[in-house]
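Written below as structure tokens is the structure these notes are about.
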Number of protein chains: 2
Amino acid sequence: MKQGQASLRFENPVYIAAAASVAGKKEGEGPLGHTFTEIDEDPMLGQDNWEAAESELQRRAAGLAMEDGGIGREKIRYLFAGDLLGQLIATSFGVMGYGIPMFGLYGACSTMGESMSLAAAMVDAGNADYAMAMASSHFASAEKQFRFPLAYGNQRPYSATWTVTGCGAVIVGTAGDYARITGVTTGRIVDYGIKDSMNMGAAMAPAAADTIQQNLADFQISPSYYDKIITGDLGTVGQKLVIELLAEKGVDIADLHMDCGIEIFDPKTQDTHAGGSGCGCSAVTLCGMILKKLRDGEWKRVLFVPTGALLSSTSFNEGQSVPGIAHGVMLETVCQ
Amino acid sequence: MKQGQASLRFENPVYIAAAASVAGKKEGEGPLGHTFTEIDEDPMLGQDNWEAAESELQRRAAGLAMEDGGIGREKIRYLFAGDLLGQLIATSFGVMGYGIPMFGLYGACSTMGESMSLAAAMVDAGNADYAMAMASSHFASAEKQFRFPLAYGNQRPYSATWTVTGCGAVIVGTAGDYARITGVTTGRIVDYGIKDSMNMGAAMAPAAADTIQQNLADFQISPSYYDKIITGDLGTVGQKLVIELLAEKGVDIADLHMDCGIEIFDPKTQDTHAGGSGCGCSAVTLCGMILKKLRDGEWKRVLFVPTGALLSSTSFNEGQSVPGIAHGVMLETVCQ
């Protein structure tokens, strides 16, 4: 049901019943490597091109999530999924073999939050027993789409992030032991006029701040309601900004904040500059580390806020700014 | 509530409370010209580039729909919107000024069906009093994105369609006099292995047939339940195919079928070959002709099935097929 201006509170049971993550070699070597369901050392995942490789990430993550929950595809009423590529080709070619009624989504790197919000709303409304939510990215397909072909060997500034090769999939249902989804806050587009495609953290931080503040206002809670407030891929530059922007409004999240982009790589040994990014970054961190800590009761309540930068090479080259959007999902442990 | 395998039946009141369409000069000169809310003779809509022109279509259509219903933006809880361009830039830059919590969608030319399905589900569940659903396309931005720059002057085969310059927006609410939304059928991706980007009708027809058949099966009705079964942009080539494919399954829609892509242009005078296409094609035809006929009671029941071809220039150039998807929306007159 409606809660505040931009949120829903789920009074019916809405749980994460299954989850899986598939990640690349570099992600596997990072601090969260041990939390992923599957790591493929081959960046092509046995396919002929980068886009097909990303489709393979989606195909496998969806399959592993169904295996994890013992939930066959015929039981999954809806698939909410997306990726970063133009016209969502990674998603379309990845999932079409499953034949599940599908809603294609684009929220840039906020897509995991967008897909979980809609899947949860459908389950809450009794419109589905199970709905899958999924998002992916691939380092090489993203560099090709947004910046330069890898062979060009361009230098990356320290504000740049490294697109995660990975896909995370969850199955939302009326029962499950990973976590309960208690509510969602839907983001709006926020534009601070950032025009640097190598500094996505700065472009997304204002949207993250907006959604976090809206969530706290809608539910009339303070940040300490949560054990963690977890953004998607702000990286080190964006983390500083989101904490500052909220502090200016009297909201202190400094001690509670975590960013998937900062957690996923080791900056000392992996040369990833400001951190990880991409739809896959928050998706695999959720399905790996975050859901495990919730399932084990180490965290009681988490606000998961994947963050997206709304740009294309076309809009960027035409001099447009890079607006941001962020979608919040409230997760609670079921461990007593 | 769930109905059959892939449908929802709305038992709570879900209506189209407001609608607006903005179309280009060529669309304005076509047979449906008199049904559009606004026609702009300037293909750039006063903007600097084609993508910004398409954003302007979205901005105006959303504004005109709010005006039409006398519904301010603060009353609209969700915006479900999309377009054909990579990373949905027409949508993002078009709507961000409104600050409405937003779900970005990509369903190729099926997006109007996808956005209406989700908006209706949200209103039915009591999660929103009003939700806007919107989709756009622009001839020039689409040609640039998918085929050739206009300046190249390529020849178009007779199976090719002409991307509509236009945007349609509806506001779904708990009351309204345009039409009632009684149910939706969500499409899955259907791939017949078509590899011709100049023959989108053939690529989409199998998906349209699949969704129509699913709708009839889920609700246990025959085609004659409807006054019209209206696909999005199959054009003349795809229309023949969808009728044949369904006939093979013993479903006869020949006398009931209408295609927005066939209606929107006059083939004798407008040189559009197989018809109109693009997200905007079904969106403006809905907001123009279809909703007017429903409001006036000329049609009692309509199945509106926007159809999408899931391709990008990348996947196409890499030799992938063009799969299709179609989303069905059941509309009923409120006129007694």
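Bear in mind that the values here come from a model prediction, so they are computed numbers and not experimental data. To find a chain, count down the sequence lines: A is the first, B the second, and so on, and within it residues start at 1.
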Measure distances from [X] to the heavy atoms of chain A and classify the residue's part below 4.5 Å as side chain, backbone, both or neither.
X	result
B:Ala6	both
B:Gln5	backbone
B:Ile100	backbone
B:Leu105	both
B:Phe93	side chain
B:Phe10	neither
B:Glu74	neither
B:Met1	backbone
B:Thr111	neither
B:Leu311	backbone

Structural part of A:Ser117 lying under 4.5 Å from a heavy atom of chain B: side chain
Taking the six-membered ring for Trp, are B:Trp50 and B:His138 parallel (under 30°), tilted (30 to 60°) or perpendicular (over 60°)? tilted
Count the heavy-atom pairs under 4.5 Å between each of B:Gly126, B:Ala125, B:Gly187 and chain A, then report the option with the highest count. B:Gly187
When you compare the side chain of B:Met134 with that of B:Ser115, does any pair of heavy atoms fall below 4.5 Å? no
Kindly indicate whether the side chain of B:Leu8, heavy atoms from C-beta on, has any atom under 4.5 Å from the side chain of B:Asp124. no
Exam field: side chain A:Ser137 to backbone A:Gly280, donor-acceptor pair closer than 3.5 Å: yes
